[in-house]
Amino acid sequence: MESVLLRQGSCALLITAILGLKAWGYKLAAYDILFSSSGLVYGATYSDIYGRLLAYKVLMAVSLLVALIVLANLFIKRLSWILISLGAWLVLAVVLNGFYPAILQKLVVQPNEFNKEKPYIENAIKFTRQAYALDKAETRHFNIDYSLDITSARNQDTVQNIRLWDWEPLRTTYKNLQELRPYYVFEDVDIDRYNIEGRYRQVMLSAREIDQDGLPATARTWINEKLMYTHGYGIVASPVTEVAEEGFPQYYIKDIPPRFSADLKVTRPEIYFGEVANSYVFVNTAQKEFNYPLGDKNVYSFYKGKNGIKIDSFGRRLLLAWALKDYKMLLSSDLNNSSQVLMFRNITKRAQKIAPYLSYDGDPYIVISPEGRLFWMLDAYTVTDKYPYSQPFDDYGNNYLRNAVKITCDAYTGEMNFYIADNSDPIIKSYEKIFPGFFHPLSGMPEGLRSHIRYPEDMYKVQTDIYKTYHMTDPYVFYNKEDPWLTPVEVVGKDRKEVEPYYIVTRLPGSDKSEYVLMLPFTPKNRPNMIAWMCARMDGNNYGKLLVYDFPKQETIYGPEQVEARINQNTEISQQLSLWDQRGSRVYRGNLLVIPMDNSILYIEPLYLQAENSRLPELKRVIAGFGNEIVMETTLDRALQRLFQSGSPITAGQGNLNVPEGVEAGTETVNELIKLARQYYDQANQRLKVGDWSGYGENISKLDDVIRRLEEAR
């Protein structure tokens, strides 16, 4: 009998504990209402506050009451009380937590939805903008006019930094002309700015890393992969605007060993840590390391860094062999007490190992320090899914984002430093207290590197995507979705794609000097015209400031999609494109850049030509648009001169396309132009005889250009 009573008591206590935990669960569920996704906006809405919240409070009280009844039943012995109270609790749970909010929504909210939901819409707008730092974005009016003086001194920095090279065709060109060996690879093309010979220049760079998969199959040995082919070598750098005569980029840095054509120098070109270095290697061994090829011979070197894990004892070698699952290092006579192992050489994975609680940007970029060393720079973020009323930006429900940390990594030693970039972020402040001494203030970053920090493109994409809806701060306008914005569409290659954010050098309206910004234009829903553009500033004390310029609504400002359509409708351009795009060649249309200048908008699109049997795109034409005019020329200089009917030379870059050797663009005599016309005509006929339609079209285009210049020279 005692055992039965004991079991009954244990069961009652267990049920009481379950009900107590359930009551606590209802209390916690009340806080989750702030992250509800079932209403008109993200976060608590009218039916959540007056339906679900009320239900949780009632059910919490009922759960505690039923728990007391079950506990009291140990003394009063009324089993029916327990059954009735449990049944009532279950019925209330179904009614209050299921039917009541739905009925409230249907009968109370929907007939007067805006008035009922207005305070919650205001909360959603306010807190979403705060969560993505959009509340700090400054809105200005862009009073459009068409009186742009393209030759004025204040616009020269912008003109001389108009980007003609897209990263995809440029990477293909780099691969074909500068990889030099099959085991070298250019993983990505980065864009940055440097002061070169006293000028503020936008530069494209790519690191020449080593990919051991590119070694011949017979050379894929343990010694080659772990001891010999340990690092990449050097970078390629070229200005964004300048083009060589053949349609290839001009180079600031190229070849192995590096050759320099500007005051941009690299003194430590070896790259041990990078984007494609995914395996460990041993350095300071008896085996010399391959440094770079030189003609028919190879140049070798030894690692001079001290940041690897030393293999200075047999016990450590044994532990490393077990950790790396590499028994060959136990047998190798090339390893000695001075040897080191370099692990986690992929910079993103390396950062994740060091600080796994941060989220990382997907695009590290290479930087040349003033001393000539190579550094990788990487952006890290703090995120959470617990910001009240804020709209999530990803599939994980994260609804708060800050670019809280900037990371530098020495490409030679792998040394990483983490700098706090946003002191207002409470999450990084907490991590700073948890890991004292680990994070450094941004002011502690060397000035030569700090001048190259960029506003991260990944974060900017999230912000612009959210801003397309949450620029509407009036709750009535937001409720009716009266003014949603869209990312415009452009033609890249042959495909229609959304415009990607892009870096440009420009002088913002009202500013005295040019600066480096990341920008994106917007178009209204169901209309292709441009309605606004947003930029993120990143020079000096302006770093991180967001500016939004809106256009007058009574004027039509061409959006990228409209400019692309006008290009297609231009008979001169469309005829040339069709002629080039015949059998044997392919036209690649580059990114269309919308470039604000003074209170005007300039449109630039490069055209590349590539043979079907060649992976070597050449920049052949530049399309420029301003106001109602669209022109296509062989160089940016000529396109701007023709577009603005300028008699003064426009120095957009130092390179020229299709200009005969010894003849300066715009200075040819009539006799020289006649000779050129005959030359291109004869070449066109020769190409026609052999069925080379691509070559025929190119020479006809050159002939047309010469005839036009002859007409202008009359």
Side-chain angles (χ1 to χ4, degrees), residues 9-76 78-79 81-109 116-128 130-131 357 382-392 394-400 426-427 429-431 433-434:
S10 299
C11 184
L13 290 174
L14 180 60
I15 294 174
T16 301
I18 291 173
L19 289 169
L21 290 173
K22 193 65 180 175
W24 181 250
Y26 286 131
K27 180 175 177 61
L28 295 180
Y31 294 106
D32 273 340
I33 287 176
L34 293 172
F35 316 106
S36 171
S37 58
S38 60
L40 179 67
V41 292
Y42 190 84
T45 56
Y46 186 93
S47 60
D48 291 317
I49 297 297
Y50 294 97
R52 294 188 190 282
L53 183 59
L54 176 63
Y56 290 144
K57 289 180 178 179
V58 171
L59 290 172
M60 181 177 66
V62 171
S63 298
L64 292 175
L65 180 61
V66 174
L68 291 175
I69 292 174
V70 172
L71 198 60
N73 191 63
L74 291 174
F75 306 100
I76 59 178
R78 293 289 191 273
L79 182 60
W81 288 16
I82 296 177
L83 296 177
I84 292 171
S85 59
L86 286 174
W89 172 63
L90 290 173
V91 170
L92 283 173
V94 172
V95 172
L96 292 179
N97 205 22
F99 294 111
Y100 180 64
I103 294 172
L104 194 67
Q105 178 71 24
K106 191 76 173 178
L107 300 181
V108 177
V109 176
K116 296 294 184 184
E117 301 288 18
K118 180 181 177 182
Y120 310 106
I121 295 174
E122 291 173 339
N123 286 339
I125 294 172
K126 176 183 177 181
F127 287 101
T128 298
Q130 287 180 359
Y357 44 84
T382 51
V383 299
T384 182
D385 60 353
K386 292 295 183 287
Y387 202 91
Y389 285 100
S390 176
Q391 178 71 38
D394 63 10
D395 294 335
Y396 302 102
N398 289 314
N399 60 355
Y400 172 90
I427 299 178
K429 284 183 178 179
S430 299
Y431 287 138
K433 292 177 181 178
I434 295 170

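The residues of the chain are indexed from 1 along the displayed sequence. As the structure is a computational prediction, the values presented were derived from the model and not from experiment.
Evaluation of the salt bridge (charged side-chain N to carboxylate O under 4.0 Å, His left out) test over residues 21-40, restricted to residues two or more places apart or in two chains, returns none.
Scanning for ring pair (Phe, Tyr, Trp, His ring centres under 6.0 Å) contacts around Tyr387 gives Tyr400, with sequence neighbours left out. In terms of the ring pair (Phe, Tyr, Trp, His ring centres under 6.0 Å) criterion, Phe99 has no residue partners (sequence neighbours excluded).
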Derivation of the side-chain contact (heavy atoms from CB on, under 4.5 Å) call for Tyr389 and Leu34: CA-CA 6 Å; Tyr389 285 100; Leu34 293 172; 3.8 Å; yes

Pair Leu54-Tyr50, side-chain contact (heavy atoms from CB on, under 4.5 Å): steps then yes or no: CA-CA 6 Å; Leu54 176 63; Tyr50 294 97; over 6 Å; no

Val108/Tyr46 under side-chain contact (heavy atoms from CB on, under 4.5 Å): CA gap, chis, key distance, verdict: CA-CA 9 Å; Val108 177; Tyr46 186 93; 3.9 Å; yes

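Nearest heavy atom pair, residue Val41 against residue Ile121, reads CG1-CG1, 4.3 Å.
Under the 4.5 Å side-chain criterion, counting only non-hydrogen atoms from C-beta, Ile49 is in contact with Tyr120. Between Ile434 and Tyr357 there is no side-chain heavy-atom pair separated by less than 4.5 Å. Contact annotation: the side chain of Pro388 never approaches that of Asn123 to less than 4.5 Å [non-hydrogen atoms, C-beta and beyond]. Using a 4.5 Å heavy-atom threshold, the side chains of Tyr42 and Phe35 count as touching. The closest side-chain heavy-atom distance from Tyr431 to Ile427 is below 4.5 Å.
Put simply, CD on Gln105 and NZ on Lys116 are 11.5 Å apart, with the number rounded to the nearest 0.5 Å. Here the OG atom belonging to Ser63 is positioned 12.0 Å from the CD1 atom belonging to Ile18, to the nearest 0.5 angstrom. Rounded to the nearest 0.5 Å, atoms CD1 (Ile103) and OG (Ser47) are 12.0 Å apart. Between the CG atom in Leu104 and the CZ atom in Arg52 there is a gap of 10.5 Å [rounded to 0.5 Å]. To the nearest 0.5 Å, the span separating OH on Tyr56 from CG on Leu28 amounts to 11.0 Å.
Although no hydrogens or angles enter the test, the distance criterion places a donor-acceptor pair under 3.5 Å between the side chain of Asp394 and the main chain of Gly397. Side-chain atoms of Asn399 come within 3.5 Å of backbone N or O of Ser390 as a donor-acceptor pair. The closest donor-acceptor contact from the side chain of Thr45 to the backbone of Leu40 lies at 3.5 Å or more, if one exists at all. Between the Thr128 side chain and the Gln391 main chain, a donor and an acceptor come within less than 3.5 Å of each other.
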